[in-house]
Amino acid sequence: MDTSNEIQKAFLTKAQKNSSLSLLAVIIAILLWSTSFVGTKIAYSSFPPLTLGAARFVIASMILGAIMLARKEFARPAPKDIGLMGLSGVLGTTLYFALENIGLELTTASSAALIVASYPAITALLEFIFFRVKISMVKSLGIVMAVFGVYLISGSSTAESSGQLTGNVILILAGFVFAGYSFITRKVVKHYSMVTVSFYQTIAGTLAFIPLAFIEQSRWQMPSTESLWVLLYLGIFCSVAAFMLYNYGLRTLSSSTAVALMNLVPIFGVLFSIVVLHEVLRIFDLLGGIIIIFGVILSVREKRA
């Protein structure tokens with residue numbers, strides 16, 4: 001009897017330890033993602049937006065390839081699935097980050113972090129429009145709140161800078177691209193490991209990104225040491241390490257917990273923008289951000305049995 005109790009206690013202790021490690025992994029991933037807005041702004045001192053995006057994902061592709069070799073996971077997906085991975089890679093890597101980087105160049109890092117927070121609500125709205133996914137009144141309220149929060153942030157920027165408004169609008173368009181990427185990825189992610197899916201997506205997205213970088217050839221310059229370090233940081237930590245940590249956390253954490261923790265991204269993103277870039281948070285940004293976060297929490301809620 002004592003032996004049984006000891007085994008049970010040991011099992012519970014191990015489960016609690018795994019849960020704590022998973023929670024820590026997800027929080028670290030969120031912190032890394034939150035710094036990407038500030039990192040991108042710093043790297044703009046040497047790299048134009050499309051060039052930065054291409055270089056970032058060249059680094060990410062090489063790292064993912066090394067991981068695939070180390071784990072011997074070079075699976076060959078079916079031709080149809082490779083096509084879907086390629087399409088989602090172009091959407092989620094090339095088009096999404098091209099829009100995000102261009103938008104971020106025009107607006108503030110704090111505004112970008114808050115607008116990106118609305119993407120889950122945009123995805124839920126498009127699911128309802130195109131796939132007739134039923135949404136409850138609570139989810140509907142959350143979507144409306146998130147949209148209104150984005151309006152507050154974007155609307156308040158018109159009085160300060162038309163360029164900033166353009167950047168905010170581009171970031172909103174990136175949210176629709178992100179939703180399309182999510183819809184396509186869902187079709188293949190159940191059949192292959194996330195490393196495999198990410199590898200093929202990143203390769204496809206990087207190959208499509210490289211020609212875009214040549215559009216900015218006239219803006220190329222010798223990068224500073226700081227910009228090179230930031231580029232490596234974006235490619236290694238924000239593009240690969242954060243993803244790996246987040247997926248490790250999903251092994252034991254529930255999806256609802258992981259989604260709830262993702263709402264910390266705009267909060268940390270704004271804090272890093274204020275501390276590192278010395279950005280000033282406007283009252284409409286603050287109100288809009290709070291409304292977006294609460295709206296997203298409502299819009300991603302699932303009915304529990």
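Predicted model, so just to flag it, every value in this text is computed and none were measured.
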Requested in this report: Could you tell me which non-hydrogen atom of Ile292 sits nearest to which non-hydrogen atom of Ala146, and how far apart they are?
Outcome: CG1-O, 3.6 Å

Query raised in the report: Do other residues, nucleotides or ligands put more than 12 heavy atoms under 6.0 Å from the CZ atom of Phe128?
Result: no

Query - Closest approach of Leu32 to Tyr233 (non-hydrogen atoms, all atoms of both residues) - result: CD2-OH, 3.4 Å

Query - Within 6.0 angstrom of Phe237 CZ, more than 12 heavy atoms from elsewhere - result: no

Query raised in the report: Salt bridge between Arg186 and Glu127, side-chain N to carboxylate O under 4.0 Å?
Result: yes

Query raised in the report: Are side-chain heavy atoms of Met145 and Ile290 found at a separation under 4.5 Å?
Result: no

Query raised in the report: Side-chain contact, heavy-atom cut-off 4.5 Å: Leu277 with Thr108?
Result: no

Query raised in the report: Got a sec, which residues hit side chain to side chain contact (heavy atoms under 4.5 Å, CB included) with Thr206, two or more places apart in sequence or on another chain?
Result: Phe57, Val58, Ser61, Thr202, Ile210

Query - Worked check of side-chain contact (heavy atoms from CB on, under 4.5 Å) between Tyr96 and Asn101 - result: CA-CA 9 Å; Tyr96 170 74; Asn101 284 5; over 6 Å; no

Report summary line: CZ (Arg56) and OG1 (Thr93) are apart, to the nearest 0.5 Å, by 9.5 Å

Report task. State which residues pass side-chain hydrogen bond (donor to acceptor under 3.5 Å, both in side chains) with Tyr200; sequence neighbours excluded, sorted by chain then number. Result -> none

Query raised in the report: With a 4.5 Å heavy-atom cut-off, do Glu100 and Ile170 have their side chains touching?
Result: no

Query raised in the report: Given Asp285 and Ser111, is the side-chain contact (heavy atoms from CB on, under 4.5 Å) satisfied, shown in steps?
Result: CA-CA 7 Å; Asp285 285 340; Ser111 292; 3.6 Å; yes

Query raised in the report: Under 4.5 Å between any side-chain heavy atoms of Thr196 and Phe199, yes or no?
Result: no

Under 3.5 Å, which donor-acceptor pairs do the side chains of residues 174-182 form with other protein atoms, sequence neighbours left out?
| unit_1 | atom_1 | unit_2 | atom_2 | d |
| --- | --- | --- | --- | --- |
| Ser182 | OG | Phe178 | O | 3.0 |

**Report entry** Same cluster (ILVMFWY, side-chain, under 4.5 Å), Ile236 and Val240
**Finding:** yes

Query - Nearest heavy atoms of Phe209 and Leu50, plus distance in Å - result: CE2-O, 3.5 Å

Query - Student check: side-chain heavy atoms of Val26 and Leu245 closer than 4.5 Å - result: no

What donor-acceptor contacts under 3.5 angstrom involve side-chain atoms of residues 83-91, with partners at least two apart or in another chain?
| unit_1 | atom_1 | unit_2 | atom_2 | d |
| --- | --- | --- | --- | --- |
| Ser88 | OG | Leu84 | O | 3.0 |
| Ser88 | OG | Met85 | O | 2.9 |
| Ser88 | OG | Gln201 | NE2 | 2.8 |

Report summary line: Between Ser227 and Ser45, the two heavy atoms sitting closest are OG-OG, 2.9 Å

**Report entry** Qualifying residues under side chain to side chain contact (heavy atoms under 4.5 Å, CB included), relative to Pro48, sequence neighbours excluded
**Finding:** Thr51, Glu216, Arg219, Trp220

Query raised in the report: Is Phe284 reachable from Val280 through a run of I, L, V, M, F, W or Y residues, each pair having side-chain heavy atoms under 4.5 Å apart?
Result: no

Report summary line: To the nearest 0.5 Å, atom CD1 of Ile172 lies from atom OH of Tyr151 at 11.5 Å

**Report entry** Sidechain-backbone polar pair: Ser46 side chain, Ala43 backbone, donor-acceptor under 3.5 Å
**Finding:** no

Query raised in the report: So, Trp33 side chain and Ala242 main chain: donor-acceptor pair closer than 3.5 Å or not?
Result: no

Requested in this report: For Ser273 and Ser110, work out which heavy atoms get closest and say how close.
Outcome: OG-N, 3.4 Å

Requested in this report: Would you sort out whether Thr40 and Leu234 count as a side-chain contact (heavy atoms from CB on, under 4.5 Å), showing the intermediate values?
Outcome: CA-CA 8 Å; Thr40 300; Leu234 291 171; 4.0 Å; yes

Query raised in the report: Does the side chain of Ile42 reach to within under 4.5 Å of the side chain of Val276, using non-hydrogen atoms?
Result: yes

Query raised in the report: Between OG of Ser36 and NZ of Lys41, what distance do you get to the nearest 0.5 Å?
Result: 12.5 Å

Query raised in the report: With side chains defined as the heavy atoms from C-beta onward, is the minimum distance between Leu126 and Phe183 less than 4.5 Å?
Result: yes

**Report entry** Ile28 and Leu24, any side-chain heavy atoms less than 4.5 Å apart
**Finding:** yes

Requested in this report: Treating Ile, Leu, Val, Met, Phe, Trp and Tyr as nodes and any side-chain heavy-atom pair under 4.5 angstrom as an edge, say whether Phe214 and Leu207 lie in one connected cluster.
Outcome: no

Query raised in the report: By the rule that ILVMFWY residues connect when side-chain heavy atoms come within less than 4.5 angstrom, directly or transitively, which residues belong alongside Met222?
Result: none

Query - N/O donor-acceptor pair under 3.5 Å between Thr94 side chain and Gly205 backbone - result: yes

Report task. Flag yes if Ile129 and Ile122 sit in one hydrophobic cluster, no otherwise; membership is Ile, Leu, Val, Met, Phe, Trp, Tyr, and two members link when side-chain heavy atoms are under 4.5 Å apart. Result -> yes

Query raised in the report: Ignoring hydrogens and geometry, is there a side-chain-to-backbone donor-acceptor pair from Thr107 to Asn168 under 3.5 Å?
Result: no

**Report entry** Heavy-atom pair of closest approach, residues Phe97 and Gly92
**Finding:** CD1-O, 3.4 Å

Requested in this report: State the CG-OG distance between Leu125 and Ser118, to the nearest 0.5 angstrom.
Outcome: 10.5 Å

Report task. Could you tell me the separation between the CG atom of Leu104 and the CG atom of Leu52, rounded to the nearest 0.5 Å? Result -> 9.5 Å

**Report entry** CG-CG distance between Leu114 and Leu287, expressed to the nearest 0.5 angstrom
**Finding:** 11.0 Å

